[in-house]
Trainee: 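Below you'll find the structure I mean.
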Amino acid sequence: SQIGDLDDSVAGRSVLIRGAAQAIRPVSKKMAFVVLRQSMSTVQCVLVASADAGVSTQMVRFATAFSKESIVDVEGVVSLPKEPLKATTQQVEIQVRKIYCINRAIPTLPINLEDAARSEADFEKAELAGEKLVRVGQDTRLNYRAIDLRTPSNQAVFRIQCQVENKFREFLLSKDFVGIHTPKLISGSSEGGAAVFKLLYNGQPACLAQSPQLYKQMAICGGFERVFEVGPVFRAENSNTHRHLCEFVGLDAEMEIKEHYFEVCDIIDGLFVSIFKHLTENCKKELETINRQYPFEPLKYLDKTLKLPYEEGVQMLKEAGTEIEPMGDLNTEAEKKLGRLVREKYNTDFFILYRYPLAVRPFYTMPCYDNPAYTNSFDVFIRGEEIISGAQRIHTPELLAKRATECGIDVSTISAYIESFSYGAPPHGGFGVGLERVVMLFCALNNIRKTSMFPRDPQRLVP
Ligand code: ATP
Ligand code: AMO
């Protein structure tokens, strides 16, 4: 049986359960409780020595000697509890008939799971009561990730991540996008800039792909009208921030544009509104579980996503007293502040900022027809932090080569890419999403390491 399925409708039934022994509480020589856990669910198992049930005092003693987190099989009968149970466990108990230890955990684990699952409010309450509890730091959690991942909030986070990825695919497939896979071992940088991991490819200098950018565009040149990819993205930046990883999961899309690059924004609007609705409606247990440890306000979003011109964003910041270089980029602080201003004015935590200055966008970005100092580009924000970059792309080889040169890129290193646009290439655009950022910001978590199962940051290569 699955612990999550146990409720009063199965009271009286015999069940066989395998789980981790989360807590073991001896009550007397004749009685003990063992709390078993499977993923986000726990159930209380009751051992009472009785000849009728075939339970001996030795069996009770045997069970109380299990180490926490050992894997245990229990055979027993589902029963209604005599006293009210904690709201976070199943609301039935198991009267144990037989209990077996399948694999023991070491007696003292490097992380106490109960401490790892506590909210900050719990710690503060305990401290006020004079109790000393140990906060489990992020590094300790990551060093012992196989234990840390067992906390209910971690179980919920990675289930939500899976749902976001799945919805991304499902939505784009329904809009006739084709899933593709592009190489991760490539010959040079795809975004411009030097932030690539270098390696030798059979003796030739090569690097890990910084994005699928050049290849997803070449797939469009290859006659696929709409493509998407879910895959790893590698950035060698030495960015020790709460939102940068050296390896993350990129959700990328690229599509032909018929009239205007807002067609790409419309896809993002439909895609993300459907992702947010899906999470809110179908991941209630997961969201409640995260909220219990890391309380957060639900994301505010509109049925039709707000699109704000970059210049208007700059103006809003200016009026609020933040001076921005009009043709420069927004720094992290300005982005955060704009997020707050937009929320006050438009009542949304999710919006698209479009028409960025040319100077702050990658070389392949299409300049605006009416004013080439600006571009047909956009970033998308959740709670004032970027989750998506996207744009219309340059589809003529001459302009592409010119822009690459202006951006300091040696065109000989990307000649196959540039040539692709001389064989007949349709107008197109696309976007790239960071999966870990979407989950982090949807749940208002404070660190991207919480939404990457085994994060790779500038310091961490193990586990
Ligand atoms: P992109 O996806 O465009 O790289 P990003 O969120 O990684 O987006 P960047 O464009 O690299 O952001 O930088 C945007 C802002 O993030 C910068 O203006 C800077 O303020 C901040 N930033 C980037 N790297 C760091 C860093 N290592 N330390 C602190 N802030 C940083
Ligand atoms: P960009 O470099 O903005 O755009 O990346 C797209 C999205 O990826 C996420 N992201 C990151 N997540 C974690 N750690 C990082 N170091 C990191 N860097 C970026 C962000 C960001 O919005 N080729 C373009 C996309 C396109 O135009 O299609 C690109 O790579 O969520």
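These figures come from a predicted structure and were not determined experimentally. Just the heavy atoms: all of them, side chains too, but no hydrogens, waters or symmetry mates, feed the values below.
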Trainee: Taking CD in Glu406 as the centre, count heavy atoms belonging to other residues, nucleotides or ligands within less than 6.0 Å. Is the count above 12?
Mentor: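 It does: Glu406 CD has more than 12 such atoms within range.
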Trainee: Relative to each other, are the rings of Tyr417 and Phe363 parallel, tilted or perpendicular (30° and 60° limits)?
Mentor: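 Geometry flag for Phe363 against Tyr417: perpendicular rings.
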Trainee: Give the C-alpha distance, both sets of side-chain angles, the deciding distance and a yes or no for side chain to side chain donor-acceptor pair (under 3.5 Å) between Glu191 and Ser211.
Mentor: CA-CA 7 Å; Glu191 297 297 318; Ser211 74; 2.4 Å; yes
Trainee: Taking it one step at a time, do Ile160 and Ile290 satisfy side chain to side chain contact (heavy atoms under 4.5 Å, CB included)?
Mentor: CA-CA 10 Å; Ile160 285 179; Ile290 296 170; 3.7 Å; yes
Trainee: Determine yes or no for a side-chain-to-main-chain donor-acceptor pair under 3.5 angstrom, with Asn376 supplying the side chain and Met366 the backbone.
Mentor: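 No, because the side chain of Asn376 does not come within donor-acceptor range (under 3.5 Å) of the backbone of Met366.
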Trainee: So, are Glu333 and Lys336 salt-bridged, with charged N and O less than 4.0 Å apart?
Mentor: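 Salt bridge absent between Glu333 and Lys336.
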Trainee: Looking at Asp379 and Arg361, is there a salt bridge between them, counting it only when a charged N and a carboxylate O are closer than 4.0 Å?
Mentor: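 Yes, this pair counts.
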Trainee: Tell me if a side-chain donor or acceptor on Arg340 pairs with a main-chain N or O of Gly384 at a distance below 3.5 Å.
Mentor: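 Checking the backbone N and O of Gly384 against the side chain of Arg340, no donor-acceptor pair under 3.5 Å is found.
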Trainee: At their closest point, which heavy atom of Met327 faces which heavy atom of Val360, and how far apart are they?
Mentor: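 Minimum heavy-atom contact is O-CG1, 4.0 Å.
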Trainee: Output yes when a side-chain donor or acceptor of Glu237 lies under 3.5 Å from a complementary backbone atom of Val196, and no otherwise.
Mentor: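 A pair under 3.5 Å: no.
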Trainee: Any carboxylate oxygen within less than 4.0 angstrom of a Lys/Arg side-chain nitrogen, looking at Glu256 and Lys258?
Mentor: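 Here Glu256 pairs with Lys258 in a salt bridge, since their nearest N and O are under 4.0 Å apart.
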Trainee: With distance as the sole test, does Asp176 use its side chain to make a donor-acceptor pair with the main-chain N or O of Arg226 at under 3.5 Å?
Mentor: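 No.
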Trainee: Give, for atom SG of Cys221 and atom OH of Tyr215, the distance between the pair rounded to the nearest 0.5 Å.
Mentor: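 One finds 13.0 Å between SG of Cys221 and OH of Tyr215.
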Trainee: Where do Gln213 and Arg393 land on the side chain to side chain contact (heavy atoms under 4.5 Å, CB included) test, with the steps shown first?
Mentor: CA-CA 10 Å; Gln213 185 62 37; Arg393 326 295 187 184; 3.2 Å; yes
Trainee: Is the NZ or CZ atom of Lys307 positioned over Phe262's six-membered ring, under 6.0 angstrom from the centre and within 45° of the axis?
Mentor: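 Yes - Lys307 lies over the ring of Phe262, closer than 6.0 Å to its centre and within 45° of its axis.
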Trainee: Can you tell whether the side chains of Arg135 and Glu120 come within less than 4.0 Å, N to carboxylate O?
Mentor: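 Judged by the 4.0 Å cut-off on N to carboxylate O distance, Arg135 and Glu120 do form a salt bridge.
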Trainee: For residues 365-375, which residue pairs qualify under salt bridge (Lys or Arg N to Asp or Glu O under 4.0 Å), counting only residues two or more places apart or in two chains?
Mentor: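 Passing the test, one end in residues 365-375: Arg355-Asp370.
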Trainee: Looking at Gln315, I want to see if its CD is surrounded by more than 12 non-hydrogen atoms of other residues, nucleotides or ligands under 6.0 Å.
Mentor: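 Yes, the 6.0 Å shell around CD holds more than 12 heavy atoms from other groups.
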Trainee: Is any side-chain heavy atom of Asp252 closer than 4.5 Å to a side-chain heavy atom of Thr182?
Mentor: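 Sidechains of Thr182 and Asp252: no contact.
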Trainee: Less than 4.5 Å apart, any side-chain heavy atom of Leu317 and any of Lys337?
Mentor: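 Answer yes - side chains close enough.
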Trainee: Run the side chain to side chain contact (heavy atoms under 4.5 Å, CB included) test on Phe272 and Val438 for me, step by step, so that the C-alpha distance in whole Å, both residues' side-chain angles and the decisive distance to 0.1 Å come before the verdict.
Mentor: CA-CA 10 Å; Phe272 275 85; Val438 174; 4.1 Å; yes
Trainee: I'd like to know if the side chain of Arg456 and the backbone of Leu461 have a donor-acceptor N/O pair within less than 3.5 Å.
Mentor: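 The answer is yes, because a donor-acceptor pair under 3.5 Å joins these two groups.
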Trainee: Might you point out which heavy atoms bring Ser70 and Ala105 nearest each other, and give the distance in Å?
Mentor: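 Distance-wise, the nearest heavy atoms are OG-N, 2.9 Å.
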Trainee: Please say whether more than 12 non-hydrogen atoms of neighbouring residues, nucleotides or ligands are located less than 6.0 Å from CZ in Phe224.
Mentor: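 No - once you tally the heavy atoms of other residues, nucleotides and ligands closer than 6.0 Å, there are 12 at most.
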Trainee: Going from CG on Asn291 to CZ on Phe296, what distance comes out if it is rounded to the nearest 0.5 angstrom?
Mentor: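 These two atoms lie 4.5 Å from each other.
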Trainee: If you measure from CG on Leu200 to CG on Leu185, what distance do you get to the nearest 0.5 Å?
Mentor: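 Reported to 0.5 Å precision, the distance equals 11.5 Å.
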Trainee: Without hydrogens or angle criteria, can the side chains of Arg159 and Gln163 be said to hold a donor-acceptor pair below 3.5 Å?
Mentor: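 No, Gln163 and Arg159 have no side-chain donor paired with an acceptor closer than 3.5 Å.
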Trainee: Does the pair Glu170 and His278 meet the rule for a side chain to side chain donor-acceptor pair (under 3.5 Å), with working shown?
Mentor: CA-CA 12 Å; Glu170 208 178 82; His278 174 75; over 6 Å; no
Trainee: Of all the heavy-atom pairs spanning Arg145 and Arg449, show the shortest one and how long it is.
Mentor: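 Where Arg145 meets Arg449 most closely, the heavy atoms are NH2-O, 3.2 Å.
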Trainee: Please lay out, stage by stage, how Ser41 and Lys285 fare under the test side chain to side chain donor-acceptor pair (under 3.5 Å).
Mentor: CA-CA 10 Å; Ser41 305; Lys285 181 168 181 183; 3.2 Å; yes
Trainee: Can you tell me how far the OH atom of Tyr310 sits from the OH atom of Tyr354, to the nearest 0.5 Å?
Mentor: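 Rounded to the nearest 0.5 Å, the OH-OH separation comes out at 14.5 Å.
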Trainee: Which pair of heavy atoms, one from Thr413 and one from Ser187, lies closest together, and at what distance?
Mentor: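 Closest heavy-atom pair between Thr413 and Ser187: O-OG, 4.4 Å.
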Trainee: Would you call Arg150 and Leu113 a side-chain contact if the rule is heavy atoms closer than 4.5 Å?
Mentor: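 Touching, per the 4.5 Å side-chain cut-off.
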Trainee: What verdict does the side chain to side chain donor-acceptor pair (under 3.5 Å) test give for Gln210 and Ser189, after you've listed the backbone C-alpha separation in whole Å, the side-chain angles of each residue and the deciding distance to 0.1 Å?
Mentor: CA-CA 6 Å; Gln210 232 177 353; Ser189 131; 3.3 Å; yes
Trainee: What residues, two or more places apart in sequence or in another chain, satisfy side-chain hydrogen bond (donor to acceptor under 3.5 Å, both in side chains) together with Thr88?
Mentor: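 Residues passing side-chain hydrogen bond (donor to acceptor under 3.5 Å, both in side chains) with Thr88: none at all.
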Trainee: Do the rings of Tyr301 and Phe276 sit parallel, tilted or perpendicular, given the 30° and 60° boundaries?
Mentor: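 Answer is tilted, since the angle falls between 30° and 60°.
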Trainee: Assess whether side chain to side chain contact (heavy atoms under 4.5 Å, CB included) is satisfied between Leu271 and Val433, documenting all intermediate values.
Mentor: CA-CA 12 Å; Leu271 170 63; Val433 189; 5.6 Å; no
Trainee: Quick one: OG1 on Thr405 to CG on Leu400, what's the gap to the nearest 0.5 Å?
Mentor: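 Result: 9.5 Å between the selected atoms.
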Trainee: Answer yes if the ring centres of Phe351 and Tyr346 are under 6.0 angstrom apart, and no otherwise.
Mentor: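 When the ring centroids of Phe351 and Tyr346 are compared, they turn out to be at least 6.0 Å apart.
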Trainee: Over all heavy atoms of both residues, which pair between Val439 and Thr451 is shortest? Give the atoms and the distance, please.
Mentor: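 Taking Val439 first and Thr451 second, the nearest heavy atoms are CG1-CG2, 3.7 Å.
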Trainee: Side chains of Leu109 and Tyr144, heavy atoms from C-beta outward: is any pair under 4.5 Å?
Mentor: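 No. Closest side-chain heavy atoms not under 4.5 Å.
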Trainee: For atom OH of Tyr201, is the number of surrounding heavy atoms from other residues, nucleotides or ligands below 6.0 Å larger than 12?
Mentor: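 Count not over threshold, so no.
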Trainee: Side-chain contact test, heavy atoms from C-beta onward, threshold under 4.5 Å: evaluate it for Val249 versus Val230 and give yes or no.
Mentor: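 Of all side-chain heavy-atom pairs linking Val230 with Val249, at least one is under 4.5 Å.
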Trainee: Applying the salt bridge (Lys or Arg N to Asp or Glu O under 4.0 Å) test to Glu229, which of Lys216, Arg169, Lys184 qualifies?
Mentor: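 With Glu229 as partner, Lys216, Arg169, Lys184 yield a single salt bridge (Lys or Arg N to Asp or Glu O under 4.0 Å), made by Lys184.
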Trainee: Over all heavy atoms of both residues, which pair between Pro426 and Ile220 is shortest? Give the atoms and the distance, please.
Mentor: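 Heavy-atom minimum between the residues: CG-CG2, 3.8 Å.
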Trainee: So, do Val264 and Met255 sit near enough that their side-chain heavy atoms are less than 4.5 Å apart?
Mentor: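 Yes - at least one pair of side-chain heavy atoms lies under 4.5 Å apart.
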Trainee: With a 4.5 Å heavy-atom cut-off, do Phe350 and Ile387 have their side chains touching?
Mentor: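 A side-chain contact under 4.5 Å exists here.
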Trainee: NZ of Lys402: more than 12 outside heavy atoms within 6.0 angstrom?
Mentor: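 No - once you tally the heavy atoms of other residues, nucleotides and ligands closer than 6.0 Å, there are 12 at most.
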Trainee: For Thr332 and Arg243, does a side-chain donor sit closer than 3.5 Å to a side-chain acceptor?
Mentor: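 On atom types as modelled, these side chains qualify, holding a pair under 3.5 Å.
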Trainee: With sequence neighbours left out, write down each residue that passes side-chain hydrogen bond (donor to acceptor under 3.5 Å, both in side chains) with Lys300, or none if nothing qualifies.
Mentor: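 side-chain hydrogen bond (donor to acceptor under 3.5 Å, both in side chains) list for Lys300, sorted by chain: Asn347.
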Trainee: Would you give the length of the straight line joining atom CZ of Phe228 to atom CD of Glu254, rounded to the nearest 0.5 angstrom?
Mentor: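 So the CZ of Phe228 and the CD of Glu254 are separated by 14.0 Å.
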Trainee: What I want to find out is whether Lys277 reaches Asp303 closely enough, with some N-O distance under 4.0 Å, to be called a salt bridge.
Mentor: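 Yes, this pair counts.
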Trainee: Counting C-beta onward and ignoring hydrogens, is there a side-chain heavy-atom pair between Leu279 and Lys167 closer than 4.5 Å?
Mentor: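 Not touching, per the 4.5 Å side-chain cut-off.
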